[in-house]
Amino acid sequence: MATSPLEARTRLFLTGLLLTSTLLAGCGGNDDPTPAPPTSPATSSEDASASPSPSDSVTPAAGKTVDMKLFSTHVPVGWDVSVTAKNFSVLAYDAESGDQISFSVVSLAGNDFTLDHLAHQALRYGPWSKTPTIEPETTLAGEPAYHLTGPVGGGLKGESLGSAYDGNDAEVVFQVSGSDAKLQQVMESVLASWQWK
């Protein structure tokens, strides 16, 4: 039986998510003498202007609700929502375009990981078809967040935001076809409806 591109990307994302959660859960305490991975270019308060966080003029997404233990948000109207694993992984998708948004919550198992460390984990185990760019740190609904951008295959562009929140890595990955403007519109509308719990 043939696998559709959406199924293949979903399977790849879930495999990466399981690997990431296994690696994070297997990490010991904070006494690891191994140096942290190389950091992305230095960030400063001026970098906040590059934030993908929505402006006040963005209309929040008003489609179905994604409700996880750390947050709730809405997806664009007409998109479907599939709970892959309750409070661990949710996939929202547009059946017509193949666009999708993956939401995940992975326990940090008591480790105090930096955003840079989490960004490198997302870089290694995300859905990327080529190595993504680690952008300057930003915010996810007001919380400090890492930010990755890059291609995810099938002509789709990806953006990933993740935040260490309440002992977990909460991540959202946007995979959208077409223009950068379309990707930004989808991303900003979803983020405008995001509420932490």
Side-chain angles (χ1 to χ4, degrees), residues 13 17 20-21 24 40 43-77 79-94 99-108 111-123 126-127 132-150 152 157-176 180-197:
F13 172 76
L17 192 61
T20 302
S21 63
L24 291 175
S40 51
T43 59
S44 67
S45 58
E46 289 81 30
D47 291 329
S49 62
S51 170
S53 299
S55 66
D56 293 337
S57 62
V58 173
T59 302
K64 293 181 178 178
T65 301
V66 172
D67 190 21
M68 299 186 80
K69 66 181 181 180
L70 296 183
F71 63 86
S72 65
T73 191
H74 291 274
V75 299
V77 172
W79 286 44
D80 289 312
V81 172
S82 174
V83 177
T84 311
K86 185 171 174 60
N87 288 320
F88 178 67
S89 177
V90 173
L91 179 69
Y93 60 93
D94 179 12
D99 296 347
Q100 65 180 15
I101 308 168
S102 306
F103 303 89
S104 63
V105 173
V106 177
S107 171
L108 297 180
N111 293 288
D112 188 21
F113 291 125
T114 65
L115 288 177
D116 186 66
H117 179 89
L118 295 175
H120 279 83
Q121 291 297 318
L123 181 152
T133 301
I134 299 180
E135 303 288 354
E137 289 180 7
T138 184
T139 59
L140 174 56
E143 293 293 323
Y146 58 84
H147 181 199
L148 306 179
T149 61
V152 292
K157 299 172 184 177
E159 293 217 23
S160 171
L161 295 169
S163 184
Y165 185 82
D166 196 27
N168 297 273
D169 178 12
E171 183 182 26
V172 55
V173 181
F174 297 87
Q175 300 179 57
V176 177
D180 289 340
K182 178 186 173 189
L183 172 59
Q184 290 304 309
Q185 188 276 325
V186 169
M187 187 167 68
E188 289 184 3
S189 69
V190 171
L191 297 180
S193 68
W194 190 289
Q195 296 289 323
W196 294 106
K197 294 182 179 177

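When atom types are taken as modelled, the side chain of H147 and the backbone of L161 share no donor-acceptor pair closer than 3.5 angstrom. Listed for the N87 side chain is a donor-acceptor partner under 3.5 Å among the backbone atoms of K69.
Judged purely by distance below 3.5 Å, without hydrogens or angles, the side chains of S89 and S104 never pair a donor atom with an acceptor atom.
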Begin from the C-alpha positions of H117 and N111 and carry the test side chain to side chain contact (heavy atoms under 4.5 Å, CB included) through to its verdict.
-> CA-CA 11 Å; H117 179 89; N111 293 288; over 6 Å; no
Show the numbers, then the answer: is there a side chain to side chain contact (heavy atoms under 4.5 Å, CB included) between F174 and V190?
-> CA-CA 10 Å; F174 297 87; V190 171; 4.0 Å; yes
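Annotation: the span from E188 atom CD to S193 atom OG amounts to 12.5 Å, rounded to 0.5 Å. With rounding to the nearest 0.5 Å, the separation of CD1 in I134 from NE2 in H120 is 3.5 Å.
Residues forming a salt bridge (Lys or Arg N to Asp or Glu O under 4.0 Å) with K64 (at least two apart in sequence, or on another chain): D80. K197 pairs by the side-chain contact (heavy atoms from CB on, under 4.5 Å) definition with D67, S72, not counting sequence neighbours. With sequence neighbours excluded, the residues that form a ring pair (Phe, Tyr, Trp, His ring centres under 6.0 Å) with W194 are F71, W196. With sequence neighbours excluded, the residues forming a side-chain contact (heavy atoms from CB on, under 4.5 Å) with T133 are E135, T149, listed by chain and number. Among residues two or more places apart in sequence or in another chain, the side-chain contact (heavy atoms from CB on, under 4.5 Å) test is passed with A145 by T138, L140, S163. Among residues two or more places apart in sequence or in another chain, the side-chain contact (heavy atoms from CB on, under 4.5 Å) test is passed with D180 by K157.
Across every non-hydrogen atom of A170 and L70, the tightest pair is CB-CD1, 4.1 Å. In plain terms, the two heavy atoms of T65 and H74 that are nearest each other are OG1-CE1, 2.9 Å. Nearest heavy-atom pair, L183 versus E159, reported as atom, atom and distance to 0.1 Å: CD2-CG, 3.6 Å. Of all the heavy atoms in S160 and E171, the pair that sits closest is OG-OE2, 2.6 Å. Nearest heavy-atom pair across L108 and A164 is CD1-CB, 4.1 Å. Minimum interatomic distance between P76 and V186 (heavy atoms only, all atoms of both residues): CG-CG1, 4.2 Å.
Between Q175 and S102, the closest side-chain pair of non-hydrogen atoms falls below 4.5 Å. No side-chain heavy atom of V106 sits under 4.5 Å from any side-chain heavy atom of Q121. No side-chain heavy atom of D169 sits less than 4.5 Å from a side-chain heavy atom of F113.
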